[in-house]
A.B. asks: 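Pasting in a structure now, in structure tokens, and then I'll have a few things to ask.
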Amino acid sequence: MDKVSSTWLNTLSESTQKVYTFYWKKFLEFTSMNGKEILEDQRKEGNGKWKSKLFEFKKYLLKTPTKNHPEGMSENSVKTAIGCIRGFFSYYETPIRFTRGEKARLKKAKRKRKDYKFSKNDLRKIAMVSNLKEKYIVLVGKSLGLRASDFIRLTYGDYRALDLTQEAPIGLGEYDTQKEGISANPFLDSDSIPIIQQLLDSNRDKKDNERVLEIRKTELTVILQRLTKRANIQSGNQHVRFHGLRKFLIDRISSYCSESQWKQIVGKVISEGEY
């Protein structure tokens with residue numbers, strides 16, 4: 001990786017850097033240039049050429065088979081890839097400018113598979129066939145509604161700081177999220193509090209800064225898929241993901257509070273005036 005590329009990538013958070021490095025290498029292969037050459041050419045040729053390159057790159061990713069994507073990348077993956085490339089140009093203060101219509105074309109994303117929507121009964125069945133750590137993933141996951149990347153960062157210390165004798169819901173306090181860099185304000189519901197108490201009681205030797213789950217974020221979905229099968233829940237052609245627990249929470253709290261309120265709970269961006 002050339003210095004211009006590395007300098008930019010090293011300014012990103014660890015999780016974002018891993019993802020963006022993958023897509024940036026794809027872009028370097030696509031252009032047959034390095035970061036320095038891309039930047040110099042963009043400054044020389046102007047906005048139009050590299051705007052067209054981004055649309056060409058999007059089409060290339062959607063149609064080119066890879067080992068992990070035999071039918072080409074999904075629209076959501078490509079959306080992330082384009083965000084990566086735009087981030088590079090923005091960092092070096094030469095952002096690619098788009099019209100409103102062009103922005104809409106770039107951001108438009110449609111999942112190839114529909115996500116399975118969990119019911120309360122589904123989660124009850126899954127919890128019944130789960131061990132303590134699996135119950136933690138399912139019941140605390142649906143209570144906090146955090147993204148996978150944020151959920152796996154939670155430590156024993158995050159929970160030891162709480163008074164678990166309080167009546168639910170018990171707020172976890174402000175929790176900085178990685179994807180959008182804003183604070184979430186998650187809470188523990190009545191289903192999750194006993195799980196947390198059991199977890200702390202059986203792990204008294206763990207240090208406060210130790211993560212509850214020493215796994216990669218992608219493993220959360222794999223575990224949830226395995227539990228869904230074990231509980232004999234029929235998801236049909238729909239896709240079981242850990243993100244479905246976040247959607248489960250959002251669907252329910254959005255019935256009781258405003259959009260700006262539920263977004264502050266789960267950690268989604270809202271306008272400054274709504275805080």
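Keep in mind it's a predicted model, so treat the numbers as computed, not measured.
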A.B. asks: Could you verify whether a donor N or O on one side chain and an acceptor N or O on the other, from Tyr116 and Asp122, lie under 3.5 Å apart?
C.D. replies: yes

A.B. asks: Name the one of Phe57, Tyr60, Phe89 that satisfies ring pair (Phe, Tyr, Trp, His ring centres under 6.0 Å) with Phe27?
C.D. replies: Phe57

A.B. asks: Quick one about Gln234 and Asn232 (side-chain donor to acceptor, distance below 3.5 Å, no hydrogens or angles considered), yes or no?
C.D. replies: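 Looking only at side-chain atoms, Gln234 and Asn232 do form a donor-acceptor pair, the distance falling under 3.5 Å.
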
A.B. asks: Could you give the distance from CD1 (Ile170) to CD1 (Ile193), rounded to the nearest 0.5 Å?
C.D. replies: 3.5 Å

A.B. asks: Heavy-atom distance under 4.5 Å between the side chains of Trp50 and Ile38, does that happen here?
C.D. replies: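 When only atoms from C-beta onward are counted, Ile38 and Trp50 do touch, with a gap below 4.5 Å.
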
A.B. asks: Which is it for Asn34 and Val4 under the side chain to side chain contact (heavy atoms under 4.5 Å, CB included) test, yes or no, and what are the steps along the way?
C.D. replies: CA-CA 8 Å; Asn34 62 34; Val4 169; over 6 Å; no

A.B. asks: Should we count CG of Asn237 as having more than 12 external heavy atoms under 6.0 Å?
C.D. replies: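 No, not enclosed.
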
A.B. asks: With side chain to side chain contact (heavy atoms under 4.5 Å, CB included) as the criterion, how do Tyr20 and Trp8 come out once you've worked through the C-alpha distance, each side chain's angles and the decisive distance to 0.1 Å?
C.D. replies: CA-CA 10 Å; Tyr20 275 25; Trp8 160 60; 3.8 Å; yes

A.B. asks: Return yes if some donor-acceptor pair links the side-chain N/O of Ser52 with the main-chain N/O of Gly48 below 3.5 Å, else return no.
C.D. replies: yes

A.B. asks: Do you know the tightest heavy-atom contact between Phe30 and Lys53?
C.D. replies: CE2-O, 4.0 Å

A.B. asks: Is it the case that the side chain of Thr16 and the backbone of Leu12 share a donor-acceptor pair, with hydrogens and angles ignored and the cut-off at 3.5 Å?
C.D. replies: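 Here the side-chain-to-backbone pair does not exist.
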
A.B. asks: Should the pair Arg252 and Phe248 be classed as cation-pi, given the thresholds of under 6.0 Å to the six-membered ring centre and 45° from the axis?
C.D. replies: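 Ring-cation test returns yes.
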
A.B. asks: Please identify each residue that fulfils salt bridge (charged side-chain N to carboxylate O under 4.0 Å, His left out) with Glu14, with sequence neighbours left out.
C.D. replies: Lys18

A.B. asks: Would you say the rings of Phe88 and Trp24 are close, in the sense that their centroids are separated by under 6.0 Å?
C.D. replies: yes

A.B. asks: Which one of Glu56, Glu102, Glu45 satisfies the salt bridge (charged side-chain N to carboxylate O under 4.0 Å, His left out) criterion with Lys51?
C.D. replies: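 The salt bridge (charged side-chain N to carboxylate O under 4.0 Å, His left out) with Lys51 is passed solely by Glu102 among Glu56, Glu102, Glu45.
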
A.B. asks: Answer yes if Leu249 and Leu227 sit in the same cluster of Ile, Leu, Val, Met, Phe, Trp and Tyr residues linked by side chain heavy atoms under 4.5 Å apart, and no otherwise.
C.D. replies: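 As far as the 4.5 Å side-chain criterion goes, Leu227 and Leu249 are not connected within one cluster.
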
A.B. asks: Counting only N and O atoms by type, is there a donor-acceptor contact under 3.5 Å from the side chain of Gln42 to the main-chain atoms of Thr94?
C.D. replies: yes

A.B. asks: Any side-chain heavy atom of Val140 sitting closer than 4.5 Å to one from Phe151?
C.D. replies: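 Yes; the side chains approach each other to less than 4.5 Å.
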
A.B. asks: Other residues, nucleotides and ligands only: do more than 12 of their heavy atoms fall within 6.0 Å of CD on Glu214?
C.D. replies: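 Yes, because the 6.0 Å sphere around CD of Glu214 holds more than 12 heavy atoms from other groups.
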
A.B. asks: Under the criterion side chain to side chain contact (heavy atoms under 4.5 Å, CB included), I'd like the reasoning laid out for Phe242 against Arg147: C-alpha separation, chi angles, the key distance, then a yes or no.
C.D. replies: CA-CA 8 Å; Phe242 179 78; Arg147 296 182 181 89; over 6 Å; no

A.B. asks: Does any part of the side chain of Leu28, heavy atoms only, come nearer than 4.5 Å to the side chain of Met1, both counted from C-beta?
C.D. replies: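 Yes. Closest side-chain heavy atoms under 4.5 Å.
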
A.B. asks: Quick one: salt bridge (Lys or Arg N to Asp or Glu O under 4.0 Å) pairs with a partner in residues 130-144, sequence neighbours left out?
C.D. replies: Glu134-Arg230, Lys142-Asp189, Lys142-Asp191

A.B. asks: Please report the closest heavy-atom contact between Asp158 and Arg153, naming both atoms and the distance.
C.D. replies: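 Here Asp158 and Arg153 meet closest at OD2-O, 4.3 Å.
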
A.B. asks: In Å and rounded to the nearest 0.5 Å, what is the CZ to CD1 distance from Arg216 to Ile152?
C.D. replies: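 Result: 9.5 Å between the selected atoms.
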
A.B. asks: Heavy atoms, side chains only, cut-off 4.5 Å: are Lys79 and Ile82 in contact?
C.D. replies: no

A.B. asks: Distance check, rounded to the nearest 0.5 Å: Ile265 atom CD1 versus Phe187 atom CZ?
C.D. replies: 5.5 Å

A.B. asks: Is there a donor in the side chain of Ser183 and an acceptor in the side chain of Asp176, or the other way round, less than 3.5 Å apart?
C.D. replies: yes

A.B. asks: Are Phe22 and Leu62 connected, step by step, through hydrophobic side chains (Ile, Leu, Val, Met, Phe, Trp, Tyr) whose heavy atoms are closer than 4.5 Å?
C.D. replies: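 Yes, Phe22 and Leu62 fall within the same hydrophobic cluster.
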
A.B. asks: Going by distance alone, is a donor N or O of one side chain under 3.5 Å from an acceptor N or O of the other, for Asn121 and Ser119?
C.D. replies: no

A.B. asks: Please find the pair of heavy atoms, one from Gln238 and one from Lys117, that lie closest to each other, and give the distance.
C.D. replies: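 Nearest heavy atoms, Gln238 then Lys117: OE1-N, 4.2 Å.
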
A.B. asks: Find out whether Val212 and Leu199 are in side-chain contact, i.e. whether some heavy atom of one side chain is under 4.5 Å from a heavy atom of the other.
C.D. replies: yes

A.B. asks: Decide if atom NZ of Lys217 counts as having more than 12 heavy atoms of other residues, nucleotides or ligands within a radius under 6.0 Å.
C.D. replies: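 Count not over threshold, so no.
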
A.B. asks: Check whether any side-chain heavy atom of Tyr159 sits under 4.5 Å from a side-chain heavy atom of Leu164, and report yes or no.
C.D. replies: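 Answer no - side chains too far apart.
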
A.B. asks: Once you round to the nearest 0.5 Å, how far does CG of Leu220 lie from CG of Leu213?
C.D. replies: 6.5 Å

A.B. asks: Donor-acceptor pair, distance only, cut-off 3.5 Å: does the side chain of Gln166 make one with the backbone of Asp163?
C.D. replies: yes

A.B. asks: Same cluster for Leu139 and Ile253 if Ile/Leu/Val/Met/Phe/Trp/Tyr side chains link at under 4.5 Å?
C.D. replies: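 In one cluster: no.
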
A.B. asks: Please round to the nearest 0.5 Å and tell me the distance separating atom CG of Leu61 and atom OG of Ser77.
C.D. replies: 9.0 Å

A.B. asks: For the backbone of Glu37 and the side chain of Asp41, can you confirm whether one donor and one acceptor N or O come within less than 3.5 Å of each other?
C.D. replies: no

A.B. asks: Can you tell me if Gln261 and Ser258 form a side-chain donor-acceptor pair at under 3.5 Å?
C.D. replies: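 Checked: Gln261/Ser258 side chains pair up, N/O donor to acceptor below 3.5 Å.
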
A.B. asks: Treating Ser90 as the side-chain partner and Pro95 as the backbone partner, does any N or O pair qualify as donor plus acceptor under 3.5 Å?
C.D. replies: no

A.B. asks: With no hydrogens and no angle check, is any side-chain donor or acceptor of Glu219 less than 3.5 Å from a backbone partner on Ile215?
C.D. replies: no

A.B. asks: Once you round to the nearest 0.5 Å, how far does CG of Leu224 lie from CG of Leu245?
C.D. replies: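 Atom-to-atom, Leu224:CG and Leu245:CG are 5.5 Å apart.
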
A.B. asks: With a 4.0 Å cut-off on N to O distance, would you call Lys36 and Asp2 a salt bridge?
C.D. replies: no

A.B. asks: Using modelled atom types and a 3.5 Å cut-off, is there a donor and acceptor pairing between side-chain atoms of Tyr175 and backbone atoms of Asp150?
C.D. replies: yes

A.B. asks: Can you confirm whether more than 12 heavy atoms, excluding those of Lys49, are under 6.0 Å from its NZ atom?
C.D. replies: yes

A.B. asks: Taking the side chain from Gln225 and the backbone from Val240, do they hold a donor-acceptor pair closer than 3.5 Å?
C.D. replies: yes

A.B. asks: Treating Ile, Leu, Val, Met, Phe, Trp and Tyr as nodes and any side-chain heavy-atom pair under 4.5 angstrom as an edge, say whether Phe118 and Tyr136 lie in one connected cluster.
C.D. replies: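 As far as the 4.5 Å side-chain criterion goes, Tyr136 and Phe118 are connected within one cluster.
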
A.B. asks: List the atom of Thr177, the atom of Ile182, and the distance in Å for their closest heavy-atom pair.
C.D. replies: OG1-O, 2.7 Å

A.B. asks: Side chain to side chain contact (heavy atoms under 4.5 Å, CB included), that's the test. Do Thr155 and Glu210 meet it? Break it down for me.
C.D. replies: CA-CA 5 Å; Thr155 65; Glu210 286 189 65; over 6 Å; no

A.B. asks: Side-chain contact, heavy-atom cut-off 4.5 Å: Ile96 with Ile85?
C.D. replies: no

A.B. asks: Tell me, do Met73 and Lys58 make a side-chain contact under 4.5 Å, heavy atoms counted?
C.D. replies: no

A.B. asks: Would the number of heavy atoms belonging to other residues, nucleotides or ligands and lying under 6.0 Å from CZ of Arg97 be above 12?
C.D. replies: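 No.
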
A.B. asks: For Leu188, does its backbone N or O pair with a side-chain atom of Ser192 as donor and acceptor, under 3.5 Å?
C.D. replies: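 Between the backbone of Leu188 and the side chain of Ser192 there is no qualifying donor-acceptor contact (under 3.5 Å).
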
A.B. asks: If you measure from the Lys or Arg side-chain nitrogens to the Asp or Glu carboxylate oxygens, is any gap between Glu29 and Lys25 under 4.0 Å?
C.D. replies: no

